[in-house]
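Some notes on the structure that comes next.
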Amino acid sequence: MPSLELLVAFMIATSIFAYMPGPSTLYAAAQTIAKGRRAGWFAALGIHLGGYVHVIAAAVGLAFLFEAVPTMYLALKLAGATYLIWLGITMFRAKQDTDGSVDAVSQKSAKRAFWESVSVEVLNPKTAIFYVAFLPQFADPSASFPIWVQLLILGTIVNFMFSSADALCVVLADKVAAYFKSSGGANRLAQRIGGSILVGLGAKLALDK
């Protein structure tokens with residue numbers, strides 16, 4: 001493994017990146033506010049598991065394809081952005097019944113949040129680029145483990161650190177969501193806030209260079 005000094009630098013840099021508000025933390029917060037704490041936890045879990053796709057891709061070098069073939073990066077970016085915007089619009093337009101709860105489709109919110117989150121994370125090429133740019137900075141060619149093993153280990157640590165930030169966002173967003181549960185009108189507002197966040201994230205992903 002890399003030297004102690006390199007690992008300390010890695011942990012500090014990872015912590016800074018993990019706890020800066022970003023798309024995954026905002027996404028987890030949006031799901032929590034709109035659909036409740038359970039959906040938020042499942043969203044965070046989906047983001048975490050989807051992150052391993054990018055960790056493995058970085059370890060075996062697949063993420064370099066995005067740099068070598070810009071069209072592939074653009075296609076995946078637009079697909080992810082479109083999916084986020086579609087999720088946001090769906091959440092924004094979800095109907096409510098007489099007791100203020102969302103419609104039957106949203107009753108399965110936790111399960112849907114999980115699979116949607118996996119898809120959103122996998123379809124985010126910026127995550128892939130981050131891993132392939134960040135992880136090699138802390139790999140040591142002279143270490144006993146091969147580079148790809150080091151990248152897998154470092155990537156797993158990064159993924160857990162990012163997920164800890166997502167979990168914190170779920171807890172904080174749940175505090176906010178508790179207010180919205182007090183009335184049907186407030187609950188409807190929560191859906192709109194969550195949907196607006198997702199649409200905004202999708203638009204940002206699409207427009208980012």
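This is a predicted model, so every value here is computed, not measured.
Using a 4.5 Å cut-off on side-chain heavy atoms (C-beta onward), Thr127 and Asn124 make contact. The closest side-chain heavy-atom distance from Leu151 to Val60 is not below 4.5 Å. Side-chain contact check for Tyr27 versus Ser117: some heavy-atom pair is nearer than 4.5 Å. Put simply, the side chain of Ile89 reaches to within 4.5 Å of the side chain of Val199, judged on heavy atoms. In this structure the side chain of Met11 reaches within 4.5 angstrom of the side chain of Ile157, judged on heavy atoms.
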Practice item. Show the numbers, then the answer: is there a side-chain hydrogen bond (donor to acceptor under 3.5 Å, both in side chains) between Thr32 and Asp174? Key: CA-CA 6 Å; Thr32 305; Asp174 184 53; over 6 Å; no

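The residues Glu116 and Lys35 are annotated as salt-bridged, a charged nitrogen and a carboxylate oxygen being separated by less than 4.0 angstrom.
Val170 and Phe160 fall into different hydrophobic clusters, where Ile, Leu, Val, Met, Phe, Trp and Tyr residues are linked whenever their side-chain heavy atoms come under 4.5 Å apart, directly or through other members.
For the side-chain contact (heavy atoms from CB on, under 4.5 Å) test, residues two or more places apart in sequence or in another chain that qualify with Val8 are Leu4, Ile12. Under the side-chain contact (heavy atoms from CB on, under 4.5 Å) criterion, Phe17 pairs with Met20, Phe130, Phe134, Phe162, not counting sequence neighbours.
A donor-acceptor pair is defined here as one N or O able to donate and one able to accept, closer than 3.5 Å; such a pair exists between the side chain of Asn159 and the backbone of His48. His54 contributes a side-chain N or O that, together with a main-chain N or O of Glu121, makes up a donor-acceptor pair within less than 3.5 Å.
From Ile47, atom CD1 reaches atom OG1 of Thr25 across 8.5 Å, with rounding to the nearest 0.5 Å. The CZ atom of Arg38 lies 13.5 Å from the CD atom of Gln31; values are rounded to the nearest 0.5 Å.
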